[in-house]
Amino acid sequence: MCQKEHNLLLIEDSDDHAELTEFYIRDCCPAIEVNRLRDGEEAMTYIEQTKNTELSLPWLVLLDLKLPKYDGHEILIRFKNSPHLAKIPVVIFSTSNSGKDIEQALINHANSYIVKPMEPDRYGEVISEILSYWQLNEHHFFFYGPHQSDA
Amino acid sequence: MNSYWLKIEELLPNLLAHTLGLKKRIILGYIFTGTVAFVIALLAWGTFNRFSNDLHQIVFFSRHARENITFAAYMAEMQREALIYIHEGHNSAGEQVGVVYKEMIGSIGGKELPNAELILVQARTHLTAYYKAFQEVQRQRNIRERLVKIELRVYAVRAQQLIEELTRQEKIENRLECARMLNSFLQIEKNAYRYFDSLDGKFIQAASLRLQETRFILKKFTWSRTEELGSVLNQYESAFLEAVQRTRGYLYLVNVVMAAEAYETMYQAQKLSNLMISESEQIQGKVTAHISSRLWLLLLSSALLLLCIILFSYVITRSITIPLKQLTKTFKSLAAGSSEAEIPVYPLADELGALTRAAASFKAKNIELETSKKALEKSNDELEQFVYTVSHDLKSPIVTSMGFIAIIRKLADQGKTEQAFGMLDKVAKANERMSQLISDLLELSRVGRIDMDTTQLDLDLLLADFSSNQAERLAQEQFSLTIESKLPTILANESRILQVFENILSNALKYANQEKNGCLRINTYSDEQWHHLLCTDKGPGIPEEFREKIFGLFYRLDVNIEGTGIGLAVAKKIMRLHGGDIWAESGPEAGAVFHLIFPKATTG
Amino acid sequence: MNRRTFLQQSGKIGTAALAAAAFPKLIYAGNSQPTLKVIGTHVTLLEPIRQQAEQDLGIKIEFYPSGDAEVLLKAATDPTAFDIYEQWSNSIKVLWQAKTIQPIDTHKLKYWHEVNSLSKLGRISEQAKPGAGDVPNKILYVQQDGNIGPHPTQQISFLPYVHNVDSFGYNSAVVPKGIPYKTESWGWLLDERWHGRVAIVNSPEIGIFDLALAVQAKGLMTFKDLGNMSREEVDQLFDIAISLKRKGHFRGVWTSVPHSVQLMASGETVIQSMFSPGVSALNGMGIPCIYAAPKEGYRAWQGVMCLSRACTGERQKAAYAFMNWWLSGWPGAFIARQGYYISNPERSRNFMSKAEWEYWYEGKPATEPLQGTDGKISVQQGSIRTGGSYIKRFENVAVWNTVMDTYEYILTKWNEFVLA
């Protein structure tokens, strides 16, 4: 489905959910490299690190909300406040379908909010949709991005 | 507010409102108004009463003044009658004088006047003198009548007889002299009667001259009865002269004495009536002045009293309305649900006092309501939090198992059966976890729901038991539990409290014993209100930002450590149910401290 | 009373001893002490005089004082009603005409020679004006024809004793004070200013002269003979007087001295006919009543003492004794203190202090406060009798009180005047 190599940042405390996500990502876009962070503290550390180093930044961030230590909302705020990271699309991927969470996430500039599906086949579809959608975004980026206007 | 209360116009109503009950105030108002009306009526009554008395006196005086004026007419009538009597000799006229006199002496009125007494006495004196003089006149006139009508006639006849007798006896040549004598004598008579008729004094002299002449002629005769004739002549003369004097006497009495007495009587009567008129006018003037002054007074006092009523009713009204307004404001505020509405100060036990007390209890209710509302809000929040957490955390294993089921199917379809079976374990684990979560939730809800029997709980004993029960586990985990001080006795549910310590211990075992040889020390202290229990471990401690979060439902600091994250939430709930609390602190070293407080009151 | 009893008793015991000092008492045989009946007016019939006379004479004396007219009528109609009649010279004509009095023998009068010329000749001095009316001497002597006249004889119709001059009195608090004999005038009685506050004495034979003198002074009419008015003059006089009275000029007439005092004291009058005791009484009450000395002259009067025709024998003797006593000095001094004069003043002088004599008779200022007959001070030190000395006053007599021929006519007119 997708050919491009991409770097995806997954922030997910549940090993099971991480496994599922990674499985479906591999299944759908094997070229995508997943970098997983296990809790809020790790995510914060990562964000701090991006300031100093010339790390390759992720193409997309999947962020769970319920995390040990710092929760997803806190990380989202920190993330979107980082000048290096702000442009990177952050998709909130959480079991919570609470209106409060959705509203707060959008306020904090989450680019998308996807509830983890409880139907057996939907998980893969959702991951596939997320990825394909944000790959579409690249075209978008292509047409309007200032760097590749001459390509 | 204070300056408002200090305003003078409020001072009086407030004073009244703080001293006299509502009913009493209203009754006082009515009594005051009634009294004022009565005073006004009394003033008016006094004025008109006085006026009526004065009017009575005026009428009285004017009647007497009129009587005294008619008095003058009586007097003139009397004098007229007296003169008629004198000149005409009518006895009826004389009697009339007496009749009029008696009427008059009885009718002089006005002795009620203070300064009339002297005048009255004088008028009476003159009137009496007048009548006395008249009586004397009557006497004198009667004497004169007798003298003139009887004696003079008798003597004249006798003298004439004697002269005629002498004439008859005398010789012819002497008869001429006799005739002269007779003529002379007749001249006496003629002059005498002329005098009585005309009251001209010259006839007395003429009569006297004729008498002298008669006597002179008589002397020429030598007759045996000359002497007799001479004596008759003398008798005649003396009767005549007496009659003359009597005439002059009563003339004097009538014209001088009676006239003067009559005039004085009339003058005094006139004076009396003038006095009465002036007195009456003075009274009238006084009445007029009095009435007008009284009316002014009445008007003025009425105005003043009305002003008093207005002021008084204003004060009374204000004394009612000020507290009422305040109460209204208070009730409005209370009705809006305020628990901070000010209750006005009202010390009396009247209707307003009852209202004030009602407001106070209203306020108490509001405060209670506010408190319970806050509690409700809090529990709602908690519930919401609970529901959110539950939905999130319960969905998580379903998502896991559904995800893996899909993978399993996929692998199965691809024939990767081995791999697929390997995944089944994941699904089972997720379901196990689900089951664990549900039982934890049940446990949690039980903590709140099931009634707690509380007893006096000696924490020393409890923890000693706990320690010995856990001895095996502790040994296994190479963990030590130390109870460092004498613990208090509290009023609590034994199993719940035990659960709290169990959870704290489990927590410590999980987080603070990863390198073994961990320990949990429990010590205690008390302040005025609380028993404090500090459970300190030597673990890595809890960063400050997570110290509150850890008490959240299904919150775990480390996903790698087993457990659902309900233990501390349960502990918190139990502590709250006992009126106490639990929170995390940083320990003196690296470790974490769980700080428990129990209210002292429950120790009993 | 005790004194009198004592003197009577002492009189019986030692008559001779007392005779030298006191008036010689009449001596009667046995117990037949006569009682002398005296009728007259309050002017001279005074209790101190009666007591003094009884004491001096040793006889019983009864005084019957009453009003002028009453006394005169009594005397003129009943000679048995009295032994001695004391009144004014204006009653002499009446009494003499009524023949109820008898002539008095001058040789029986002890002090007749001392009686001054005023009574005997009608003038006090050569300078004196001849007064109108019945000047005392004109009616004093019993003439040959039995009538009374001015020619001196041995018989007189009355004993002249008390006398005085009268005028009008005015309240100087209201009426401006005048100068005696200069500005004071009878005309004041008719002054418009005193309208309603004028009174006249209620006596036709006296009051008529006050009116006549006033009318004449005002120039309203003149009289041919003031002392003997014709009917026409009487008519004219009363026309004026009555019209004035109708206009309210006169408060009225007064009938007695107390009445005159009361009128002026009450303020009802400010000027009026006046008798000397009235003036004294008013001054005693603090009312500044001045007894005027009118420039037209006074109206004079002569007190007369008459002997009843019925008085004979021992009573007559007693009556003569009483008359002599009256001229013996003490009574003259007594009545001098009331402002009256006696016809033989020099004999009374011995019974008066120098100050009294100078004040009452000589018209000099009182050198000391003088007592009246009641013992009270009636004359303050330094005061002077209005009109001057006895002689000065009697030199200014306009008219003598007189009963005129038109008497009865005047009476009727008087009635009209009084009641107008």
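The sequence lines fix the lettering, A, B, ..., with proteins before strands; numbering per chain opens at 1.
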Novice: Within a 6.0 Å radius of atom CD on A:E125, are there more than 12 heavy atoms belonging to other residues, nucleotides or ligands?
Specialist: yes

Novice: Among A:R122, A:K116, A:E119, which one satisfies side chain to side chain contact (heavy atoms under 4.5 Å, CB included) with B:V399?
Specialist: A:K116

Novice: Does any heavy atom of chain B fall under 4.5 Å from the side chain of A:S94, the backbone, both, or neither of them?
Specialist: side chain

Novice: Can you tell me which of A:S14, A:G40, A:P68 forms the most heavy-atom pairs within a distance under 4.5 Å of chain B?
Specialist: A:P68

Novice: Do the side chains of A:Y123 and B:M402 get nearer than 4.5 Å, heavy atoms only?
Specialist: no

Novice: More than 12 non-hydrogen atoms from neighbouring residues, nucleotides or ligands closer than 6.0 Å to CD on B:E472, yes or no?
Specialist: no

Novice: At a heavy-atom distance under 4.5 Å, which candidate from B:I398, B:I408, B:I405 has the highest pair count against chain A?
Specialist: B:I398

Novice: For residues B:T400 and A:L20, report the shortest heavy-atom separation together with the two atoms involved.
Specialist: O-CD1, 3.7 Å

Novice: Check this for me: A:H109, atom NE2, are more than 12 non-hydrogen atoms of other residues, nucleotides or ligands nearer than 6.0 Å?
Specialist: no

Novice: Which pair of heavy atoms, one from A:D121 and one from B:A406, lies closest together, and at what distance?
Specialist: OD1-CB, 3.7 Å

Novice: Supply the atom-to-atom distance A:K69 NZ to B:I550 CD1, rounded to the nearest 0.5 angstrom.
Specialist: 12.5 Å

Novice: Not counting sequence neighbours, list each pair that qualifies as a side chain to side chain donor-acceptor pair (under 3.5 Å) and has a residue in residues 401-413 of chain B.
Specialist: A:D27-B:K410

Novice: Heavy-atom pairs under 4.5 Å with chain B: which of A:K100, A:K66, A:E19 has the most?
Specialist: A:K66

Novice: Side chain from CB out, backbone as N, CA, C, O: work out which of these in B:F546 comes under 4.5 Å of a heavy atom of chain A, or both, or neither.
Specialist: side chain

Novice: Quick check: under 4.5 Å, non-hydrogen atoms only, which of residues 70-82 of chain A neighbour chain B?
Specialist: A:Y70, A:D71, A:E74

Novice: If you count heavy atoms of other groups shown closer than 6.0 angstrom to CD of B:E418, is the number above 12?
Specialist: no

Novice: Does NZ belonging to B:K510 count more than 12 external heavy atoms closer than 6.0 Å?
Specialist: yes

Novice: Does a sphere of radius 6.0 Å around CD in A:E48 hold more than 12 heavy atoms from other residues, nucleotides or ligands, not counting ones at 6.0 Å or beyond?
Specialist: yes

Novice: Is chain A contacted by the side chain of B:K395, its backbone, both, or neither, given a heavy-atom distance below 4.5 Å?
Specialist: both

